[in-house]
Student: 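Pasting a structure here, questions to come.
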Amino acid sequence: MACESALPAIMDEQALMGLNPNADACYRQRALAYFEQLKESLDGWEVCAEALAKGVYSDDHVKFFCFQVLEHQIKFRHGTLAAAQQQLIRETLMKWLQAQLMNVHPEKPFIRNKAAQVLALTFVMEYLTLWPKFFFDILNLVGLNLNGVDIYLRTLMAIDAEVVDRDILHSPEVKPAQLEENSGVFCSRCAIKAPLSLSVRSQETRRNILIKDTMREQCIPALVESWFQILQTYQHTHSELTCQCLEVVGAYVSWIDLNLIANDRFVNLLLSHMSMEELREEACDCLFEIVNKGMEPVDKTKLVESLCQVLQSAGFFNIEQEEDVDFLAKFSRLVNGMGQSLVLSWTKLSKTGDAKVSAETLRAVEGKVPLMLQLLIHEDDDISANIVGFCYDYLHVLKQLPALSEQQKSNVEAIMLAVMNKLKYDDEYNFENEGEDEAMFVEYRKQLKMLLDRLAQVSPELLLEAVHRVFSATMQNWQTVQFMEVEVAIRLLYMLGEALPASHGAHFSGDTTKTSTLQSMMRTLISCGVSEYQHSSVTLEFFETVVRYDKFFLVEPQHIPSVLMAFLDHRGLRHSSPKVRSRVAYLFSRFIKTLHKHMNAFIEDILSRIQDLLELAPPENGFPAPLSSDDQLFMFETAGVLIVNGESPAERKQALMRSLLTPLMEAFRMLLAKLPQEAGEERQAVLADCLSHAVGFASRTSKAFSNKQTVKQCGCSEVYLDCLQTFLPALSCPVQRGPLRSAVRSFLHRMIICLEEEVLPFIPAASQHMLKDCEPKDLQEFIPLVSQITAKFKNQVSPFLQEIFMPLVMAIFEVLSRPAEENDQTAALEKQMLRRSYFSFIQTIASSGMNEVMASQGAENIERVLFTIIQGAVDFPDPIAQKTCFIILSRLVELWGGKDGLVGFPDFIYKHIVPACFMAPLKPTFDLSDAQTVLTLSECTLTLHMIHLKRGPECIQFLQEYLPSLQVSAEITQELCQVLQQPDVKVLKNYMKVFFQQARL
């Protein structure tokens, strides 16, 4: 939009009507257009400034709109405004602020916040140059006026957000020309913009440091005095304003002189606030920020200790008398901050070697432990969670000490007992429908687990003994104990698995004390009958622990039968809770995988007991299946592991595998016949889903085979070939092509690994079907299959590849040439991924030494393919694809670039490959600061190196003629040619990187 014409001094009233959230769409559209018009106009914003200064409008949305227009000017146009216009902004803001002092009813909070943001932006732009008296002007104007103080405090927080807050990404004022310069490369295909340059960010950082330095010199004492006056004036009458002020103090204390705040009058005022119900939480936060300020260790220790003495003498350490849990959560955070600060001071002092001061600091840390323990064991988890950091750091200190005193040992034990107690669920935990509270408790439990791990590092013997004591006592009386006690006892045994170090889970070898204790607990767990406990949390913990310590059963295999029964009956896979059944299906799979050598006696019994869980749930059943399809995957894998690893002869294994897979094949045939007859798309999708599951289940059974136990050795080839013949007709199904093709394709991937050459007769027909009516995703997923076949079978599949090569390439070209919407990022990404897959396919063929596949395609087709590789290397700004293209070019030069290579290829090298090696890195989109692009340049350099190896002096001669056409000087041309003739490729790579960096300056 043109910016020349000035707008009239009155605002477009009809456009303003569209600012109301309830306005019609046409009015809202007009308001949006008006906003853009005012932003683009050089002086249109002045109408808004006048409206704000004179209070023309009472409508909140219009006021907000005016501030937005003003904000845009300050943020993006400030540097181009005339001095009079900059003065107008200052006057507008001060007049608006003055008007607030008279208002009986203050503005809505969202208006005040926006005004504060605009004031803060103006401050950032003008404080160092045009408005050094910013704060004094505001303080003189507002004094202690209630409305004025509110805006002043909001402005200070907005300034903190702009200048100090490290969590906020700031964007500085960028002039239009600068914006163009720093906006990075814009790629029309993928519509992704690079971020603002780091230099702009560093300019902003320097500016912010300068602002803070200037504030410290000129106005911080006056600001601190104003805060004190505000706190003192309004502490009894306006708690909200007082809390706002405390928040400001907390925000600014990190970078101002601490003595201005950490003095008697300020601390006494904060302490008095700690006793006021409406102010105490914010006062606590403020003290936390004071304690958190970066300082020298000795000074920090003195500060924390003096603050602790004051808090203790004021009675704040007597937390058992405190009933306000919200305040205690804040107080716990404060104590945590004090404790962690002392630990950090001790760590620094212990490194300097000052033993006396270090010992004093350690005593200060120890002095806080009783209070820490009280907070850690508090029944409210938020209060407890807030002290965990200090607790963890304290244990880290103890770990570094040469020996522990009796008191320290006692502290370790107290922390241990507290953790064990706090790990327990409460009565209100909803296991069947876990919500936000439950998620928070799970996170809290993770923190407690970290403490337990740290306890194990400090005193593993003590932890083992304590867990053994709690576990044994609970298991003796599990029938009469509440579920949370039983669950936590088993949970502690489970946690020992990670807390106590053991190589590859070998907890039952080595240290006899540990192994005998763990073995004793495992024996008790299995034999005491606790698996019958009627609570899902206990049941799950039982199975989790059994699987964590599955190596126990290698030592004492006599316990396997009873655990197997628990897995298979109402306690496990037949449990009433779907959540338990689902988890047990996975755990059972892990259990069987580890102990398959001990399962021979139980194989057929297990298979018959789980037979109904291996049925394909028909979509028309109506009854909920006992296991989800994802859970059934684990069950089929388990069945496969049992059959394959059993000691039965091959005929028996084949019979068992056939009885496992035949029901799947039968169900598949029946459902596939039904699918095209279904009219509704929803119903078709359900059937296709069911068919996909059948293929997935059959595929999962094949995971049981290994190099030692191959499909052939187990006599199962025939069964899987039958599966292939059953599943392949799905490729020609006229409906639901996507999911069916995807499932069969995955099965083929598995069969290539399992059946090896036996799968080859099925590949041509399958490929033919998969290339019909392709979508980008279909092709993208099909190419890895062909690449897998190529890499595995190489020359065996050469005839097949020669036949399929051009049809596949043509299908890819056709999909890539389809028109797409300019802004359709999904389509652009799909094409990019397909392009990458295509180049990967060509790379696989080239690197497998199967150049005859391409060479047999006829000159015209070869040329067409070669041009796509050149195009991929140069024209598409995708470093991953470009790198692949240069790898291909290098390989083709190696194969065809010699004297007896492909006819006409040397001409192609000089006409296209050598220029590509220079044109690609010279493109503006070729970002040499990007790691992927650097790898591309490396491959590009290797391509040049290969050309020189194959063509020798002829290559040098060509470069001496070609490089001057790129405006490369004779001196640099000679230098490059000399480096290219060096045997060390690393030297060439380094040279080329510098060459292109210099060329683009």
Side-chain angles (χ1 to χ4, degrees), residues 504-505 526 543 546-547 549-569 572-574 584-616 627 631-666 694-724 726 747 750-751 753-756 758:
H504 304 294
I526 293 157
F543 286 113
V546 159
V547 174
Y549 296 108
D550 49 16
K551 303 267 191 320
F552 164 76
F553 299 95
L554 300 174
V555 182
E556 299 192 24
Q558 68 269 27
H559 297 290
I560 289 175
S562 60
V563 172
L564 277 177
M565 280 313 299
F567 269 115
L568 294 166
D569 65 19
L573 291 166
R574 312 290 174 174
V584 168
Y586 162 71
L587 293 170
F588 185 48
S589 163
R590 277 185 52 191
F591 186 75
I592 296 294
K593 273 186 196 172
T594 305
L595 302 169
H596 62 78
K597 287 180 182 170
H598 294 268
M599 292 294 155
N600 200 52
F602 316 111
I603 291 172
E604 300 207 19
D605 186 22
I606 294 170
L607 289 173
S608 74
R609 285 173 186 271
I610 63 172
Q611 193 171 350
D612 63 319
L613 300 175
L614 298 168
E615 290 172 4
L616 190 67
L627 293 175
D631 302 331
Q632 281 185 288
L633 284 170
F634 292 116
M635 297 308 296
F636 274 97
E637 188 175 351
T638 304
V641 169
L642 286 167
I643 294 167
V644 170
N645 292 289
E647 291 170 11
S648 314
E651 301 80 45
R652 186 63 190 146
K653 287 183 181 180
Q654 184 191 40
L656 289 171
M657 193 61 86
R658 189 169 286 287
S659 69
L660 176 65
L661 295 177
T662 298
L664 283 178
M665 289 190 266
E666 287 170 355
V695 180
F697 296 157
S699 186
R700 196 62 169 258
T701 59
S702 71
K703 285 206 162 193
F705 298 103
S706 63
N707 294 335
K708 288 180 184 170
Q709 294 277 5
T710 64
V711 179
K712 213 174 251 182
Q713 286 166 336
C714 295
C716 294
S717 301
E718 199 181 302
V719 186
Y720 284 102
L721 288 168
D722 287 351
C723 284
L724 256 180
T726 304
F747 189 69
R750 284 296 308 152
M751 291 306 101
I753 296 165
C754 297
L755 294 174
E756 299 194 321
E758 290 180 272

Student: State whether the side chain of Gln632 and the backbone N or O of Leu613 hold a donor-acceptor pair below 3.5 Å, judged by distance alone.
Tutor: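 A pair under 3.5 Å: yes.
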Student: Less than 3.5 Å apart, which donor and acceptor atoms pair up between the side chains of residues 584-592 and the rest of the protein, not counting sequence neighbours?
Tutor:
residue : atom : partner : partner atom : Å
Tyr586  : OH   : Arg590  : NH1          : 3.4

Student: Hey, does the side chain of Asp550 reach the backbone of Thr594 with a donor-acceptor pair shorter than 3.5 angstrom?
Tutor: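 No; zero donor-acceptor contacts below 3.5 Å.
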Student: So which atom in Tyr720 and which in Ala698 form the shortest heavy-atom distance, rounded to 0.1 Å?
Tutor: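 Taking every non-hydrogen atom into account, CE2-O, 3.8 Å.
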Student: Please enumerate all residues that pass side-chain hydrogen bond (donor to acceptor under 3.5 Å, both in side chains) together with Asn707, with sequence neighbours excluded.
Tutor: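 None.
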Student: Are there over 12 heavy-atom neighbours, none belonging to Glu556, within less than 6.0 Å of that residue's CD?
Tutor: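 Result for CD/Glu556: enclosed.
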Student: May I have the step-by-step check of side-chain contact (heavy atoms from CB on, under 4.5 Å) for Leu660 and Met657, ending in yes or no?
Tutor: CA-CA 5 Å; Leu660 176 65; Met657 193 61 86; 4.0 Å; yes
Student: Could you label the plane-to-plane angle of the Phe567 and Phe543 rings as parallel, tilted or perpendicular, counting under 30° as parallel and over 60° as perpendicular?
Tutor: tilted
Student: Tell me every residue that passes side chain to side chain contact (heavy atoms under 4.5 Å, CB included) with Gln611, counting only those two or more places apart in sequence or in another chain.
Tutor: none
Student: With a 4.5 Å heavy-atom cut-off, do Thr662 and Met665 have their side chains touching?
Tutor: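 Yes, their side chains come closer than 4.5 Å.
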Student: What heavy-atom pair brings Ala650 and Gly715 nearest, and what distance separates the two atoms?
Tutor: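 Minimum heavy-atom contact is CB-N, 4.2 Å.
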Student: Can you name the nearest heavy-atom pair linking Asn645 to Ala704, along with the distance?
Tutor: ND2-O, 4.4 Å
Student: Using atom types as modelled and distance alone, determine if a side-chain donor or acceptor of Ser699 lies under 3.5 Å from a backbone N or O of Val695.
Tutor: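 Judged by distance alone, no pair lies under 3.5 Å.
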Student: Do Phe552 and Val563 have side chains that approach each other closer than 4.5 Å (heavy atoms only, starting at C-beta)?
Tutor: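 Answer no - side chains too far apart.
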Student: Taking only residues two or more places apart in sequence or in another chain, which ones pass side chain to side chain contact (heavy atoms under 4.5 Å, CB included) with Ser717?
Tutor: Val711, Lys712, Leu755, Glu758
Student: Grab the two heavy atoms, one from Leu642 and one from Ile603, that are nearest each other, plus how far apart they are.
Tutor: O-CD1, 3.2 Å
Student: So, using side-chain hydrogen bond (donor to acceptor under 3.5 Å, both in side chains) as the criterion, who are the partners of Ser659 when residues are at least two apart?
Tutor: none
Student: Using side-chain heavy atoms (C-beta onward) and a distance below 4.5 Å, is Met635 in contact with Arg700?
Tutor: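 No. Closest side-chain heavy atoms not under 4.5 Å.
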Student: Quick check: closest heavy atoms across Ala694 and Leu664, and the distance to 0.1 Å?
Tutor: O-CD1, 3.9 Å
Student: So which heavy atom on Lys653 is nearest to which on Ser648, and how close?
Tutor: CE-O, 3.4 Å
Student: With sequence neighbours excluded, tell me which residues meet side chain to side chain contact (heavy atoms under 4.5 Å, CB included) with Arg609.
Tutor: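 Arg609 satisfies side chain to side chain contact (heavy atoms under 4.5 Å, CB included) with Met565, Leu568, Asp605 only.
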